[in-house]
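In what follows, a structure is listed as structure tokens, so that the remarks can point back to it.
For ligands, and for the atoms within them, numbers begin at 1 and follow the listed sequence.
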Amino acid sequence: MLPTHKQTLTGWGRYPAARATVHHAASAEEVQALVERPGAGGIVSRGCGRSYGDAALNAGGAVLSHRELRSVLRFDAGSGLVECEAGISLAELIAHVLPHGWFPPVTPGTAHVTLGGAIAADVHGKNHHRDGSLARWITELHLATPALGTVRCSPDARPALFHATLGGMGLTGAIVRATMQLRRVESLAIRSDTTRAADLDGLLSALHEADARHRYSVAWIDGLARGTSLGRGVVIAGDHATAGESAGRRWASLAAGAAIGRHRVSVPFDAPSFALARPMVRAFNSVYWRAHPTSRDRLVPLAPFFYPLDVVGRWNLLYGRQGFAQYQCVLPGDDAAPLERVLDRVTRSGRASFLAVLKRFGAPSPGPLSFPTAGYTLSLDFPVRAGLAELARELDRLVIDAGGRVYLAKDALLDAETFRLMYPRAAELLAIRAEVDPEGRLHSSLAQRVGLVRHAGRGLPAPR
Ligand SMILES: Cc1cc2nc3c(=O)[nH]c(=O)nc-3n(C[C@H](O)[C@H](O)[C@H](O)COP(=O)(O)OP(=O)(O)OC[C@H]3O[C@@H](n4cnc5c(N)ncnc54)[C@H](O)[C@@H]3O)c2cc1C
């Protein structure tokens, strides 16, 4: 067992912070021993800590880092089936498989997440409208549980536990290893279309059109534009280019895949508060909009297409010492009115948010806590300042009225009552937990805040 230490940890948003005993497990047996006997305060798994809020924190308890356990255990370069330890990051996995012509089937906007963390959040990418979330591509898991030992689960073996783990935020057990089906790619190039739209109607019709034609799509919205410009933004869509389409571009050769995820520059220290002042953000958003004129069939490198923010290391320091919170919600269906209400409330709040991100989701996964459901999903970053919780409550009401919910992997602000309204299937997760963790040893600050656990070791809350 590697040395343990007490540490103050945060998520990517640097809000909130929590002190915990950190264990670095060096074998699957150590993972099992830790979830069985975590000590007072319980334990939560942690990957790269790229969830924004408190999902991978456990104030006063223990945190289990999986980063020592990151081997590729099995990779079939013919079929694209890969089995890895859960602590491998997507950047490390990509470096291993991309030179053989394989890429993750679903990837979030950063490659610095672990496979375990991505499974626990059931992450989505720019292709959810076509390929669903990560859950669709995971074929088997090995899960260390407090009550059942380490168990294998899949869509056929212990299916309820399998599905609850995909999106279960680490509350069904510690994922030790996982098998995933990769996607075949022929080059490191993306054939990309960009469409600039002057208002929300134009943006949404461009997004629908992009979804019909392309595997990947995302829209960036100027979160400060108001009135007739409300919702102005840029839709960026694309597909993997074939070897023929990218022939002659040296950077597009698959062998260059090992470089993905490397930072070119890094933010050295907390930004001063003027960096987030409204005029600065307005200027940035305006420049971004102008820099993306409508274009068709451009060949662009894969890394900046999927991971534009990974070029800058520690960009979370740009929000200053107090940190920031990301508010990501899903608004089911194709009705633009709820989206317009949320955007309007945000622009009127006077809280400067850099570019907001809008995507469309397709069909949901089976997991009771999985976030995506068919509709629009909007992400907004807010610096942590007085009044933010009140704004979030107002946005929550708009989201609940629309039948939507907030993404737990980004959240730092939901309360227990609002959580139950947004996640009516939470009782299914509690039923699974009653079987795998009746004493409530798996415990995170997020789970405590939204009422999914009581104090560690004192059993589970009654399902409602
Ligand atoms: C710049 C940026 C862009 C992002 N873009 C997207 C996006 O497009 N789509 C999207 O879906 N998400 C996105 N995210 C969120 C991110 O994908 C998730 O929060 C993911 O869970 C982070 O993985 P991690 O390894 O850092 O996990 P952590 O943050 O360390 O943990 C997240 C959760 O996973 C659990 N967990 C971690 N490892 C294990 C394990 N081995 N076993 C069981 N549970 C475990 C933790 O307990 C916690 O509940 C983004 C985050 C950032 C910073």
Side-chain angles (χ1 to χ4, degrees), residues 9-14 22 25 28 31 34-35 42-58 62-70 84-93 104 106-128 133-135 141-145 150 164-178 216 218 261 306-316 324 326 328 330 357-359 361 365 369-372 377 379 381 407-412 442-447 450 452:
L9 296 168
T10 69
W12 186 244
R14 302 169 75 216
V22 181
V31 173
L34 282 163
V35 300
I43 194 158
V44 70
S45 288
R46 184 174 172 97
C48 289
R50 264 5 186 235
S51 48
Y52 279 64
D54 51 3
L57 306 184
N58 188 19
V63 168
L64 193 177
S65 170
H66 286 258
R67 286 293 281 144
E68 300 299 323
L69 298 170
R70 50 176 160 185
C84 302
E85 290 180 309
I88 193 169
S89 73
L90 286 192
E92 290 156 354
L93 176 64
V106 165
T107 176
T110 172
H112 300 293
V113 300
T114 59
L115 183 57
I119 293 170
D122 189 17
V123 296
H124 55 271
K126 297 179 172 76
N127 54 341
H128 193 282
S133 53
L134 191 61
L141 298 172
H142 287 239
L143 190 68
T145 68
T150 298
T165 301
L166 289 147
M169 303 308 291
L171 298 172
T172 59
I175 302 160
V176 180
R177 52 206 256 196
Y216 303 106
V218 63
F306 286 108
Y307 310 118
L309 295 169
D310 282 354
V311 175
V312 184
R314 307 205 302 163
W315 62 261
N316 53 345
F324 69 109
Q326 183 166 104
Q328 180 172 0
V330 58
V357 178
L358 180 71
K359 300 182 210 177
F361 283 154
S365 354
L369 286 199
S370 175
F371 165 67
T377 180
S379 315
D381 288 349
Y407 190 14
L408 297 178
K410 307 281 180 76
D411 174 60
L442 301 168
H443 190 274
S444 68
S445 296
L446 166 84
V450 302
L452 278 172

* With Ser133 via side chain to side chain donor-acceptor pair (under 3.5 Å) - residues at least two apart -> Asp122, Ser365

* Between Tyr52 and Phe324, what is the ring plane arrangement, given parallel below 30°, perpendicular above 60°, and tilted in between? -> perpendicular

* ring pair (Phe, Tyr, Trp, His ring centres under 6.0 Å) against His66, all qualifying residues, sequence neighbours excluded -> none

* Which residues satisfy the side chain to side chain donor-acceptor pair (under 3.5 Å) test with Lys359, sequence neighbours excluded? -> none

* Asked: When rounded to the nearest 0.5 angstrom, what distance separates CG in Leu90 from CG in Leu115?
  -> 7.0 Å

* **ligand 1: protein residues within heavy-atom distance under 4.0 Å** => Trp12, Val44, Ser45, Arg46, Gly47, Cys48, Gly49, Arg50, Ser51, Tyr52, Ala55, Ala56, His66, Ala86, Pro108, Gly109, Thr110, Val113, Thr114, Gly116, Gly117, Ala120, Ala121, Val123, His124, Met169, Gly170, Gly173, Ala174, Ile175, Trp315, Lys359, Tyr407, Ala409, Lys410

* Asked: OG of Ser370 to CG of Leu166: how many Å apart, nearest 0.5 Å?
  -> 8.0 Å

